[in-house]
Novice: 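Sharing a structure here in structure tokens format.
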Amino acid sequence: MKKTIVYTLLYLFLGLCALICLVPFYFMIINMTRTGQEIMMGFTFLPGTNLVNNWNKLIEMGIDLFGSMARSAFIAITTTFLGCYFSALTAYTFAFYKFPGSNVLFTALIAFMMVPSNLGMFGLYDVCNQLGIINTFWPLIIPSIAQIGTVFFLRQYCVAMIPKSMLEAPRIDGASEIRIFHSIVLPVMVPGIATVGIGMFIGGWNQYMGPLILISDPDKYLVTQVISILNATRDISQNQGVVYLCLALSVAPILLMFAFFSKYFISSITAGAFKE
Amino acid sequence: MVKQNTAIKRKKKGYIERLESRNGLFIIPFLLVWCVFSIWPIIKTITISFHDYKGFGKMTWVGLDNYARAMGDSVWWGSFWTTWELWLPNIIVQLGLAMILTMIFSDLKYHMKGLHVWRAIYYLPGLIAITTVSRLFQEILNKEYGIINRLLFDWGLNTGAPIDWLGNVDYAHWCVSLLQAWLWFGNSFIMLMASVQGVPKEYYEAASIDGANRWQVYAHITIPTIKPILLYIVITSTIGGLQLFDMCYLVGTYTGNPYRTLLTMVLNQWAYAFRYRQMGYASALAVVLFFIILFFSVLSYALMYGGNKKKEA
């Protein structure tokens, strides 16, 4: 008897926590189907009938939501691929090759992980200005090649998963080192790469501060920037339903990915913490 | 025979070594990008911090003036305390909630079902872009038509004037702080839970055979095991919290409205760099913040590893 009560209470607590996490998104989804007037009057737990109308209004208003989503997707995908490939290559090199200064360099990189990204912020703006790449996507894409945390994690993964003897047979057969990397090392590393890759994609889609500093041309805004200026447009405040619809659309790709790859999401969280 | 073997080995070793030193070239793309987009900007920031600079045009050397100015700047000190004020309630709520959930899911007597479903739900807020979260809560907490005010009114909890949650000096920083906790508690919970699951089951079995009660198990098995992860969460949260920017900027613009209650250190820097066009001063503030973060990182690493060593000895 006592056990049942405790179980009920515990599940109630878990349910309450879940409710706190989900309710804001529920409001979002309900309100995207209602008119601005209905939203101002109060709220219900049942969806309205105005979804199509809100959609038409969104198109009509000329909010650059879909264009910005396409740009965000482009950046998130390219940074994920570049980041995964070059991090894996660098990790593999640090794991299996001794070259002059490799230990010193690796120690320096680990120490560098302590440096907060904020320190280079204004310098980065200035450097990009000098290079003439302000208002282009280059400074958002290229830095993904050098991600120290990812290299560190993948190096540990390499050492744990790939015995050195695995590289010897193809060497004797005369395969080039880059070929060994592509056809033997990379496939073995796929689960580890998926773990960090998912984090990169989310980070690429959700990034705000970088674009805020580096992209000032509204035609090149990413989805986060478009969402952040929604309230600055005068007529949209008349129509809350469209705001909610925009918010819902902007998170849809992430939620879809989460639905399919939640296993990798969970392991990407713990990837940073359990390094040793 | 033996000699021959070692000779072959040496030859083979030499070959591998040559191969290895040549293939060190694979890290060149990484190094190049790292130097251009990490090292160079940092050197640049430090250089700018000694200059009077608008972000364009001429740089004038001013020595340590920017640093001296920061120390006497009451707005900067205000932003320093604001940053901590925003961080502290967040970490307490976030870790407290994560700990309670971890205890519930690791209990010996009560086996809660569906961990991976709960875990996914709790992690959901952390996945969403801060811009979307901020916009969503600006709607939910809105003074005139926000859902929270509407509910308070309907339930008779607030019959007076509706509360401007994000525009009121008394409430705004609590809202932002608790929103941070809302964003991150699932993340902390997953890390704590993962580390509890790493404890060998035998420990718990042995404890229950010996008749240890729930609280003894927590105090002597669970807490000591998750201590490194607890520290890790606190450290990363401090480093992240000291650099809090986006939500405060989105809610309170570059002045940290209302009345600078949301003006964090990074937001203050941002305002100086891109609004007041004092890039030199902003860079000096960034360097100061770096030393603050360095201090706390070193301190917490010392706590983490210094403590462990003592125990071993």
Side-chain angles (χ1 to χ4, degrees), chain A residues 6-7 10 13-14 17-18 20-22 24 27-28 39-40 42-43 86 89-90 93-94 97-100 102 114-116 118-124 126-127 139 142-143 145-146 151 177 202 205-206 208-209 224 227-228 230-231 240 243 247 250-251 254 258 262 265-266 269-270 273-274, chain B residues 19-21 23-24 26-27 29-30 33-34 37-38 40-45 48 101 104 110 112 118-125 127-132 135-136 138-140 145 147 150 182 187 190-191 194 229 232 239 243 245-246 250 266 273 279 282-283 286-287 289-290 293-294 297:
Chain A
V6 175
Y7 264 120
L10 288 179
F13 179 75
L14 296 185
C17 288
I20 293 170
C21 289
L22 293 176
F27 283 147
M28 180 175 82
I39 293 167
M40 290 204 184
F43 80 102
F86 282 101
L89 182 65
T90 314
T93 313
F94 274 120
Y97 298 134
K98 288 262 169 299
F99 50 92
S102 59
M114 307 257 285
V115 177
N118 174 61
L119 181 61
M121 186 169 70
F122 304 123
L124 181 67
D126 210 58
V127 165
I142 302 295
I145 291 173
V151 168
E177 293 297 307
I202 304 291
W205 183 270
N206 285 349
Y208 179 59
M209 200 174 190
T224 45
I227 293 293
S228 74
L230 275 182
N231 53 345
Q240 299 303 314
V243 173
L247 294 178
S250 78
V251 299
I254 298 289
F258 188 50
S262 66
F265 273 87
I266 302 298
I269 303 163
T270 47
F274 300 93
Chain B
L19 197 72
E20 288 185 345
S21 61
N23 286 303
F26 287 160
I27 62 162
F30 173 92
V33 171
W34 185 55
F37 288 98
S38 286
W40 189 15
I42 286 173
I43 294 170
K44 202 84 205 194
T45 306
I48 293 173
L101 289 171
I104 290 175
Y110 298 98
M112 307 305 284
W118 294 112
R119 194 164 71 166
I121 294 174
Y122 298 151
Y123 183 56
L124 199 61
L127 276 177
I128 310 300
I130 302 287
T131 42
T132 306
R135 280 302 287 127
L136 188 57
Q138 276 172 325
E139 296 296 325
I140 289 173
Y145 50 82
I147 292 152
R150 179 65 57 175
W182 180 75
N187 202 66
I190 287 170
M191 288 208 270
I229 293 299
Y232 176 85
I239 295 173
Q243 296 182 75
F245 169 79
D246 13 28
L250 289 160
V266 176
M279 201 60 112
S283 300
V287 175
L289 178 57
F290 164 67
I293 289 173
L294 188 69
S297 312

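Per chain, numbering begins at 1; letters A, B, ... match sequence-line order.
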Novice: Which atom pair, heavy atoms only, marks the closest approach of B/V33 to A/A146?
Specialist: CG1-CB, 3.9 Å
Novice: Is there a side-chain contact between B/F26 and A/E177, using heavy atoms and a 4.5 Å cut-off?
Specialist: yes
Novice: With a 4.5 angstrom heavy-atom cut-off, is it the side chain or the backbone of A/V151 that approaches chain B, or both, or neither?
Specialist: side chain
Novice: Which bit of B/M112 comes within less than 4.5 Å of chain A, counting heavy atoms only: side chain, backbone, both or neither?
Specialist: both
Novice: Check whether any side-chain N or O of B/W182 sits under 3.5 Å from a backbone N or O of A/I20 as a donor-acceptor pair, and report yes or no.
Specialist: yes
Novice: Where on B/I121 is there a heavy atom nearer than 4.5 Å to chain A: the side chain, the backbone, both, or neither?
Specialist: both
Novice: Please classify the contact of A/T90 with chain B as side chain, backbone, both or neither, using a heavy-atom distance under 4.5 Å.
Specialist: both
Novice: Looking at A/F94, A/Y208, A/F13, which one has more heavy-atom pairs under 4.5 Å with chain B than the rest?
Specialist: A/Y208
Novice: Between B/I128, B/D246, B/I293, B/V287, who has the most heavy-atom pairs with chain A when the cutoff is under 4.5 Å?
Specialist: B/I128
Novice: Please state whether the side chain, the backbone, both or neither of B/Y123 comes within less than 4.5 Å of a heavy atom of chain A.
Specialist: side chain
Novice: Go through the atoms of B/W34 and report whether side chain, backbone, both or neither lie under 4.5 Å from a heavy atom of chain A.
Specialist: both
Novice: Looking only at non-hydrogen atoms, find the nearest pair between A/C21 and B/Y122 and report the distance.
Specialist: SG-CA, 3.9 Å
Novice: Where the side chain of B/T45 meets the backbone of A/L119, is there a donor-acceptor pair that is under 3.5 Å apart?
Specialist: yes
Novice: side-chain contact (heavy atoms from CB on, under 4.5 Å), that's the test. Do A/F122 and B/K44 meet it? Break it down for me.
Specialist: CA-CA 8 Å; A/F122 304 123; B/K44 202 84 205 194; over 6 Å; no
Novice: Among B/N187, B/I130, B/L136, B/L124, which has the most heavy-atom pairs under 4.5 Å with chain A?
Specialist: B/L136
Novice: Check step by step if side-chain contact (heavy atoms from CB on, under 4.5 Å) holds for B/W40 and A/D126.
Specialist: CA-CA 10 Å; B/W40 189 15; A/D126 210 58; over 6 Å; no
Novice: Do any N or O atoms from the side chain of A/N206 and from the backbone of B/L127 form a donor-acceptor pair under 3.5 angstrom?
Specialist: yes
Novice: Could you have a look at A/T224, A/L14, A/T93 and say which one has the most heavy-atom pairs with chain B under 4.5 angstrom?
Specialist: A/L14
Novice: Any non-hydrogen side-chain atom of A/N118 less than 4.5 Å from a side-chain atom of B/F290?
Specialist: no
Novice: Select, from A/S250, A/G120, A/P139, the one with the greatest count of heavy-atom pairs under 4.5 Å involving chain B.
Specialist: A/G120
Novice: What residue in A/I202, A/I254, A/I142, A/L22 has the most heavy-atom pairs under 4.5 Å with chain B?
Specialist: A/I142
Novice: Side-chain contact test, heavy atoms from C-beta onward, threshold under 4.5 Å: evaluate it for A/P24 versus B/I140 and give yes or no.
Specialist: yes
Novice: So which residue, B/T131, B/I42, B/I48, ends up with the most heavy-atom pairs under 4.5 Å with chain A?
Specialist: B/T131
Novice: When rounded to the nearest 0.5 angstrom, what is the spacing between CZ in B/R135 and CG in A/L230?
Specialist: 5.5 Å
